[in-house]
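Computed from heavy atoms alone, side chains included, the values below leave out hydrogens, waters and symmetry copies. Quantities reported herein were computed from a predicted structural model and do not represent experimental measurements. Quick note: residue numbers are just sequence positions, from 1.
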Amino acid sequence: MNWVESKMGERPIYQPGASSVEGMPTSLQMFHNHPAIMAMPHWHAQVEVNYIIRGSVHYRMSDHALSLNAGDMCLFWGGQPHQMDESSDDSIYAGAHLPLVHFFRMRLPDTVPSRLMQGQTLVTSATDAADAENFARWFRYVRSDDPAKGEHAVSELLLRIERVCFEPFQMVPDNTGAPANDQSSQQSSRAVARMCDFIAANFLHEIDSVDISLSANLHPKYAMSVFKKSTGMTLNSYVSLLRLSYAQAMLLKEEVNVLQVAMESGFGSLSAFNKSFRNIAGMSPSDFRRDTRNLLQPSKIGYGNAIRDVSADNASAGG
């Protein structure tokens, strides 16, 4: 289990790639620390849950801003660029990055997953003192290197997230005028989870929609339809997002050139990599590498997280 220490210096700044959030997009990761300000937006291929233990933070999402105070909890899709641009000096938060294989095993109201995947944020203040204790314990368990404790922490965490929907919560922004999405059945959620299992194990290799659909024993056209309705993304878009998240972390390594990053992250050519990267980052991989290094060179880096690897063997921990 890897651990990246949080460096609690003056105004620590989060550097994309400093932790394994981007570089290990199929791993469930937990954190409990002082949140570092992000100098620029980042993205990752997991759903993120944040619980504010103390202080306050402010997020800029793709189409809305979000202020959270002590006792607030939120859930959002990290696949869209987002940035924590304010964090009070006394702030402490805890939470996790959930790969989709875990997310689609949770029993949430049918409309919640699709609304999250389309960019809305679930926010609730229905928390209590037990949450601070539980998040700290789950983090310790995941960090302990004891597989039994780790699996127990994951199971409890997912049950806690499911319980959010038994209490008052809101979706931000509340696009009540937006067309309703088709409801995802338990059967389609299980199918999506099986496809995510396969993609997690193979996204760095050459795979296509036929390979993915076969892993769930579905016809390719039906598999693509189910996945799109559940996630708001095509299968190809999700595979590309995992590769781009992995590539984002690789770009911060001095010894790796952009062509190597393109090849090792699963893209068949440099041109395909450049095009996909521009679509999400708004700049070329080379510009991203240059700007990130120039911007963050003098800053202290701060980020801490504990990691649970999720593969086909242990992905059932979420129930």
Other hydrophobic cluster members with Leu159, side-chain heavy atoms of Ile/Leu/Val/Met/Phe/Trp/Tyr under 4.5 Å, chained?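 Via sub-4.5 Å side-chain contacts, Leu159 links to none.
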Compute the centroid of each ring, for His44 and then for His82, and state whether the two points are separated by less than 6.0 Å.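 Judged by ring-centre distance (under 6.0 Å), His44 and His82 do meet the cut-off.
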Hey, do the aromatic rings of Phe31 and Phe139 have their centres closer than 6.0 Å?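 No: the rings miss the under 6.0 Å criterion.
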Donor-acceptor under 3.5 Å ([X] side chain, [Y] main chain):
X: Thr231; Y: Phe227; value: yes
X: Glu151; Y: Ala148; value: no
X: Ser237; Y: Met233; value: no
X: Asp287; Y: Met283; value: no
X: Glu48; Y: Gly78; value: no
X: Asp72; Y: Asn69; value: yes
X: Gln170; Y: Val123; value: no
X: Gln83; Y: Arg60; value: no
X: Arg243; Y: Phe203; value: yes
X: Arg54; Y: Asp90; value: yes

[atom1] of [X] to [atom2] of [Y]: how many Å apart, nearest 0.5 Å?
X: Met250; Y: Arg289; atom1: CE; atom2: CZ; value: 8.5 Å
X: Ser62; Y: Trp77; atom1: OG; atom2: CH2; value: 12.5 Å
X: Leu235; Y: Ile199; atom1: CG; atom2: CD1; value: 5.5 Å
X: Asn50; Y: Met73; atom1: CG; atom2: CE; value: 9.5 Å
X: Ile161; Y: Leu108; atom1: CD1; atom2: CG; value: 8.0 Å
X: Met30; Y: Leu98; atom1: CE; atom2: CG; value: 8.5 Å

Give every residue pair that meets the salt bridge (charged side-chain N to carboxylate O under 4.0 Å, His left out) criterion with at least one member in [range], sequence neighbours excluded.
range: residues 120-133; result: Asp131-Arg160
range: residues 262-285; result: none
range: residues 204-214; result: none

Report yes or no: is the cationic atom of Arg137 (NZ for Lys, CZ for Arg) under 6.0 Å from the centre of the six-membered ring of Tyr141, at an angle within 45° of the ring normal? yes
Once you measure the plane-to-plane angle for Phe76 and Tyr59, does it fall in the parallel (<30°), tilted (30-60°) or perpendicular (>60°) bin? perpendicular
Compare all side-chain heavy atoms of [X] with those of [Y] and state whether any distance is below 4.5 angstrom.
X: Leu241; Y: Ile280; value: yes
X: Phe103; Y: Met117; value: yes
X: Val47; Y: His97; value: no
X: Met84; Y: Ile37; value: no
X: Phe169; Y: Val112; value: yes
X: Leu122; Y: Val172; value: no

Minimum-distance pair of heavy atoms, taken over all atoms of [X] and [Y]:
X: Asp63; Y: Gly119; answer: OD1-O, 4.3 Å
X: Asn202; Y: Phe198; answer: ND2-O, 2.8 Å
X: Ser88; Y: His34; answer: O-CE1, 3.2 Å
X: Ser91; Y: Ser56; answer: CB-O, 3.8 Å
X: Tyr238; Y: Leu100; answer: CE1-CD1, 3.5 Å
X: Arg194; Y: Ala216; answer: NH2-O, 3.5 Å

Go through the steps to decide whether Ile212 and Val239 satisfy the test side chain to side chain contact (heavy atoms under 4.5 Å, CB included), and finish with yes or no. CA-CA 10 Å; Ile212 298 167; Val239 172; 4.0 Å; yes
Is it the case that the side chains of [Y] and [X] hold a donor-acceptor pair, with the cut-off being a distance below 3.5 Å and no angle test?
X: Asn236; Y: Thr234; value: no
X: Ser284; Y: Asn274; value: no
X: Ser209; Y: Ser213; value: no
X: Ser271; Y: Ser269; value: yes

Apply side chain to side chain contact (heavy atoms under 4.5 Å, CB included) to residues Thr121 and Met61 and explain how you reach the verdict. CA-CA 9 Å; Thr121 303; Met61 304 299 191; 4.0 Å; yes
Go through it in stages, so that I can follow the logic: the residues are Met171 and Leu116, the test is side chain to side chain contact (heavy atoms under 4.5 Å, CB included), and I'd like the CA-CA distance, side-chain angles, deciding distance and then a yes or no. CA-CA 8 Å; Met171 302 299 295; Leu116 288 174; 3.9 Å; yes
Residues His58, Leu66; criterion side chain to side chain contact (heavy atoms under 4.5 Å, CB included); working and verdict: CA-CA 6 Å; His58 184 270; Leu66 190 67; over 6 Å; no
Please check if [X] and [Y] belong to a single hydrophobic cluster, counting links between Ile, Leu, Val, Met, Phe, Trp and Tyr side chain heavy atoms closer than 4.5 Å.
X: Leu244; Y: Val256; result: yes
X: Leu214; Y: Met195; result: no
X: Leu251; Y: Met263; result: yes
X: Val210; Y: Ile207; result: no

Applying ring-ring contact (aromatic ring centres under 6.0 Å, His included), name anything that partners Phe267, two or more places apart in sequence or on another chain.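 So Phe267 forms a ring-ring contact (aromatic ring centres under 6.0 Å, His included) with Phe273.
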Qualifying residues under ring-ring contact (aromatic ring centres under 6.0 Å, His included), relative to Phe135, sequence neighbours excluded: Tyr51, Trp138
Full working for side-chain hydrogen bond (donor to acceptor under 3.5 Å, both in side chains) between Gln120 and Arg115: CA-CA 6 Å; Gln120 289 179 273; Arg115 294 177 74 178; 3.0 Å; yes
